[in-house]
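Letters A, B, ... mirror the listed sequences (proteins, then strands); counts begin at 1.
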Protein chains: 4
Amino acid sequence: MSPAAAPSAAPRQRRKEARPQELLAAALEVFVEKGFANSRSEEVAARAGVSKGTLYLYYPSKEELLKAVIRHYLGDEVAAGGAEIAQHADDDPEVAFGVLARWWQRMYDSPASGVFKLIVTEARNFPEISAFYVSEVMVPGERLIGQMIERGIARGQLRPATIAHVTHSLLLPLVMLCLHKHALGACMHEAEDMVDPHRFIDDHIALVVRSLRIDAPLPK
Amino acid sequence: MSPAAAPSAAPRQRRKEARPQELLAAALEVFVEKGFANSRSEEVAARAGVSKGTLYLYYPSKEELLKAVIRHYLGDEVAAGGAEIAQHADDDPEVAFGVLARWWQRMYDSPASGVFKLIVTEARNFPEISAFYVSEVMVPGERLIGQMIERGIARGQLRPATIAHVTHSLLLPLVMLCLHKHALGACMHEAEDMVDPHRFIDDHIALVVRSLRIDAPLPK
Amino acid sequence: MSPAAAPSAAPRQRRKEARPQELLAAALEVFVEKGFANSRSEEVAARAGVSKGTLYLYYPSKEELLKAVIRHYLGDEVAAGGAEIAQHADDDPEVAFGVLARWWQRMYDSPASGVFKLIVTEARNFPEISAFYVSEVMVPGERLIGQMIERGIARGQLRPATIAHVTHSLLLPLVMLCLHKHALGACMHEAEDMVDPHRFIDDHIALVVRSLRIDAPLPK
Amino acid sequence: MSPAAAPSAAPRQRRKEARPQELLAAALEVFVEKGFANSRSEEVAARAGVSKGTLYLYYPSKEELLKAVIRHYLGDEVAAGGAEIAQHADDDPEVAFGVLARWWQRMYDSPASGVFKLIVTEARNFPEISAFYVSEVMVPGERLIGQMIERGIARGQLRPATIAHVTHSLLLPLVMLCLHKHALGACMHEAEDMVDPHRFIDDHIALVVRSLRIDAPLPK
DNA sequence: GATGAATGAGCGTTCATTCAT
DNA sequence: CATGAATGAACGCTCATTCAT
C-alpha cells in the first residue's frame with residue numbers, strides 16, 4: 001500500500017514517537033556526507049520527511065542536533081557493544097578478539113560508522129564533543145582492549161609490550177577504515193578499492209595478535 | 001620602529017614572491033583547525049598578515065585555495081619524501097622500514113600532517129581532490145610499501161601475506177595518528193594522551209614487521 | 001494599530017501570492033532609477049516592504065530578477081496592448097493611429113515605460129534580454145506598424161514609402177520619450193520641459209501621417 | 001615596426017600629451033559598452049595602454065573621468081558641430097537641413113555617438129551631468145533647430161506648427177538611432193537590422209520637412 | 001503540534017583607490 | 001612620472017532560526 005516509504009504504514013502516533021530517532025538518522029547521514037558546517041538543516045529535515053520547523057521542535061539548534069547525534073550513536077550503540085566485548089574479555093584471546101572483530105564488522109556496516117568522521121571533523125570546534133568522546137568512548141574502549149592484552153600477557157599467552165602502543169596499533173586501522181568508508185571510499189569506483197573491509201578487519205586483528213603471541217612465530 | 005613589526009624590512013618584491021607560500025601555510029592552518037566550510041577567508045588572510053583582498057590576488061576563490069593547499073602539501077612535500085623512501089626500497093627491510101619510520105615522524109611533526117584531515121573532511125565535497133589524492137598519493141604510496149613487502153617475501157625474509165591488507169595495517173595507523181594530532185589531540189591536555197607519537201611510529205612499524213618476519217618471533 | 005502600518009491586515013497567503021508582483025514593481029522602479037548594476041538588491045526588497053532574504057525566496061538572483069522584470073512588463077503588458085492595436089489595424093488610418101496614440105500615452109504614464117531604459121542600458125550585458133526584446137517586442141511591434149502603413153498604401157490612402165524608415169520615424173520618438181521620462185526628465189524642473197507628453201504623442205503621429213497622406217503633399 | 005598599435009611610433013613626449021585624450025577615448029568605449037557602474041577602471045586603463053595607477057594621475061576618480069568624457073565628447077565635438085549648423089541656419093531649409101543630416105551622419109559614425117547612451121543611463125545618478133547636458137547641449141541644440149524652423153515659417157516656406165514638438169519629432173529619432181547603435185544594434189546580427197543609418201537620417205529629416213512644407217499638405 | 005514564509009547576521013568576492021617602489 | 005601590490009568598504013547571496021498560521 002504505502003508507495004515508497006514504509007513509515008507511512010505506521011500510525012501517526014508511532015511516527016511521532018519515532019521522530020527523534022528518524023531525525024538523528026537523517027542528521028547523521030547529512031552531516032557525514034557534507035560535513036557539519038556544510039549541511040543545511042532543511043536537508044536534514046527533508047531526509048527525515050518533516051519540515052524545517054519541525055526539526056526545531058525536537059532540537060533547539062543545529063549544534064544541539066549534532067551533539068545529540070554523537071551522543072546517540074556513540075553513547076547507546078557503542079556502549080552496548082562495549083559491554084558485549086567486556087563479557088568475553090576473560091575468554092581465550094582467540095575468542096575475545098573474534099568477538100571484537102565481529103563487533104567492528106557490524107560497526108563498519110552500520111551508518112553509525114560515520115560518527116568517527118564527525119568526531120575527527122568537529123572535535124576542535126566543539127570541545128564538549130571531544131570531552132564526551134574521550135571520556136565515554138576512547139578511554140573506556142582503549143582500556144577494554146588494553147585489559148584484554150594485559151590479561152593475555154599475565155597468562156603468558158602474549159609477550160610483554162607497551163599496552164598503549166599495541167592498543168593503538170590494533171584500533172587505529174579499524175577507526176581509519178570507518179573514516180575511509182565515508183570519505184574517499186564514498187567517491188571511489190567499486191573496483192578501485194582492493195580491500196574487502198570484513199576480511200581486512202579479521203586479517204588486521206590476526207596480524208596484531210600474531211605479533212604478540214608468545215608461541216606464535218616459532219622460527220624455521 | 002619596533003624591529004618585529006617592521007614589514008618595510010622586507011622589500012615589496014621579496015614579499016610578493018613569498019606570499020603564495022605564506023598564504024598556503026596560513027590556509028592550511030585555518031582549514032585544518034576549523035574545517036574548510038567553517039573557515040573565513042578573512043581569517044586566512046589575517047594569519048598570513050595581509051588583508052582579505054590580497055588573498056584574492058593570489059587565489060581566485062576559497063575553493064581554489066583549498067586545492068592549492070592540498071596540491072602543495074601533498075604534491076611537493078609528500079612526493080619528495082616518497083622518492084627518498086623509494087631509494088631504500090631495495091635495502092634490508094630493517095633499513096627500509098627505518099627510513100619509512102623517520103619519514104612519518106617528520107611528516108607527523110610538520111604542519112603538512114594536517115592535509116590528511118582535509119582529505120578526510122573534503123573528499124566527498126571536492127571529487128577533484130579525491131581523484132588527486134588517490135592517483136598521486138594513495139596509490140603510489142601503497143604501491144611503494146607493497147613493493148617493499150613483496151621484495152622481503154621474495155627474499156625469504158618475510159612470510160607470504162595479503163599485500164594490500166598488510167599495507168593497510170602498516171599505514172592506516174600512521175595516517176590516523178596525523179588525523180588525531182589535528183583533531184582530538186589538539187583539544188586534549190598534554191598528559192591525557194599516553195602515547196608519544198615518534199615512539200609509537202617506531203613501535204607500530206616494528207609490530208607489523210615482527211608479525212611478518214619469518215624468523216621473527218624469537219621467543220622470550 | 002495604525003491603519004496604514006497594519007500588514008497583519010493582509011493574511012500570509014494573500015501576501016505570498018502578491019509578492020512576486022510587488023517585487024517586480026519595486027525592482028523596475030529601482031533598476032530604472034539607478035541602473036541595474038548600481039541597484040542594491042536590499043533596496044529593491046526594502047521598497048517592496050520585505051527583507052533582503054525574502055527577495056531570494058522568489059527570484060534566485062539579481063540577474064534573474066531583471067529578466068523577470070523585463071519579461072513581465074514587456075511580455076505581458078506590451079503584448080496585451082499590441083493585440084488591441086492589431087484589432088484596429090484594418091480600420092481607417094485615422095482611427096488606427098488614434099488607437100496607437102492612446103496606447104503610447106498609457107504606456108508613457110505607466111511605470112512600464114521604464115523597461116525601455118532597461119533594454120537600452122542592459123542589452124549588451126544580457127544577450128538573452130536583447131534576443132527576447134528583438135523577437136518578442138521589436139520585430140512584432142514594427143511589423144504591426146509596418147502593416148498599418150502598407151495597408152494604407154494599398155488602399156491608396158498613403159503614398160508609397162520605405163516602410164522600415166517610416167516605421168522608425170514613427171516609433172523612435174515615442175520610445176525616446178519614455179527614455180527621457182526616466183532619464184533627464186526625472187531630473188529636470190517641471191517647467192524646464194516645454195513639451196506635454198500626451199500632446200506630443202498626438203502631434204508626432206499626426207506629423208508622420210501628414211507626411212504620408214496621398215492628398216497631402218500635392219507638388220508645388 | 002610597431003607591431004600592432006601605431007602610437008608607439010610616437011615619441012614618449014607626444015604620447016604623454018596625448019594621454020588624456022587616449023584615456024577619454026578608452027573610457028568612452030568601456031563605459032558605453034558595459035555601462036558606467038559595470039566598468040572596471042582597470043579595463044579603461046588597459047584599453048588606453050596604461051596601468052591602473054596612471055589613470056589616477058590624470059583623473060582623480062572614476063566619476064570625474066565620466067564627467068570629463070561627457071564634457072569632452074559633448075562640449076568640444078558637439079559644440080563645434082553646432083556652430084557649423086548655425087552658419088547655415090539662414091540658408092534655404094533644403095540646404096540647412098542637409099547640413100544637419102550630414103552632421104548627424106558623422107555623429108552616428110563617430111564613437112562620440114555613445115555619449116547619448118551615457119547621458120540616458122547616468123543622468124539620474126549624476127545631476128551635474130544632467131545640468132551640463134541640458135544647458136550646454138539640449139537647450140542650445142533644440143533652440144538651433146527651433147530657429148531653423150521658425151525662420152522657415154517666417155519666410156512662408158513652412159507651415160506654422162508647435163516648434164517644440166516638431167523639434168522633438170525631428171531630433172528624437174536621431175538621438176535614438178545613436179542609442180540603438182550602442183545598445184541593441186551592438187548585439188544583433190548584421191542582417192537583422194533592416195535600416196541603413198545614413199539613409200534613415202536623410203529620409204527621416206525629409207519626412208519631417210515634407211510634413212511641414214507649406215506647399216506640401218494642401219488639404220482636400 | 002506542524003508548517004514554511006520571513007528575517008537578518010554572516011561570509012565570499014569585487015573593485016575603486018592608495019602609495020611604496 | 002608610471003607601476004601594480006595592497007587595502008577595505010560594499011554588495012550578492014545563504015541559511016539558521018523564528019513565528020504567524
S.K.: Would you say F:dA2 has OP1 or OP2 under 4.0 Å from some side-chain N or O of D:R19?
M.R.: yes

S.K.: Rounded to the Å, how far apart are C:L23 CG and E:dA5 C1'?
M.R.: 13 Å

S.K.: Taking atom OH of B:Y58 and atom CG of B:L24, what is their separation to the nearest 0.5 Å?
M.R.: 12.0 Å

S.K.: Between E:dT3 and A:T54, is there an OP1 or OP2 to side-chain N/O distance shorter than 4.0 Å?
M.R.: yes

S.K.: Specify the residue among B:R40 and D:F36 whose closest nucleotide of DNA chain E lies further upstream toward the 5′ end.
M.R.: B:R40

S.K.: Rounding to a whole Å, what distance do you find between A:L65:CG and F:dT17:C1'?
M.R.: 14 Å

S.K.: Quick one: on DNA chain E, does B:L57 or C:Y58 contact a more 5' nucleotide (nearest heavy atom)?
M.R.: C:Y58

S.K.: In terms of the nearest nucleotide of DNA chain F, which residue is placed more toward the 5' end: C:P60 or B:V50?
M.R.: B:V50

S.K.: Is C:R47 close to C:E29 at the side-chain level, that is, under 4.5 Å between some pair of heavy atoms?
M.R.: yes

S.K.: Between E:dT7 and C:K52, counting only base atoms on the nucleotide and side-chain atoms on the residue, is there a donor-acceptor pair under 3.5 Å?
M.R.: no

S.K.: Rounded to whole Å, please give me the gap between NZ in D:K34 and P in E:dA16.
M.R.: 12 Å

S.K.: Hey, which of these two, C:N38 or D:S51, hits DNA chain F nearer its 5' end, going by closest nucleotide?
M.R.: D:S51

S.K.: Please state whether the phosphate of E:dA6, meaning OP1 or OP2, lies under 4.0 angstrom from any side-chain nitrogen or oxygen of C:Y56.
M.R.: no

S.K.: Once you round to the nearest 0.5 Å, how far does CZ of A:F126 lie from CG of A:L66?
M.R.: 5.5 Å

S.K.: Rounded to the Å, how far apart are C:E22 CD and E:dA5 C1'?
M.R.: 14 Å

S.K.: Mind checking if C:L55 touches a base, just sugar-phosphate, or nothing, with heavy atoms under 4.0 Å?
M.R.: nothing

S.K.: Can you tell me the Watson-Crick or wobble partner of F:dA20, both distances under 3.5 angstrom?
M.R.: E:dT3

S.K.: To the nearest 0.5 Å, how far apart are CD in B:E33 and CG in A:N125?
M.R.: 8.5 Å

S.K.: Between C1' on E:dA6 and CD on C:E42, what's the gap in Å once rounded to a whole number?
M.R.: 14 Å

S.K.: Relative to B:F36, does B:K62 satisfy both conditions: NZ or CZ under 6.0 angstrom from the six-membered ring centre, and within 45 degrees of the ring's axis?
M.R.: yes

S.K.: Let me know the distance between CZ of B:F31 and P of E:dC11, rounded to the nearest Å.
M.R.: 14 Å

S.K.: Could you tell me the separation between the OH atom of B:Y59 and the C1' atom of E:dG12, rounded to a whole number of Å?
M.R.: 18 Å

S.K.: I need the NZ-C1' distance between B:K62 and E:dT13, as an integer number of Å.
M.R.: 12 Å

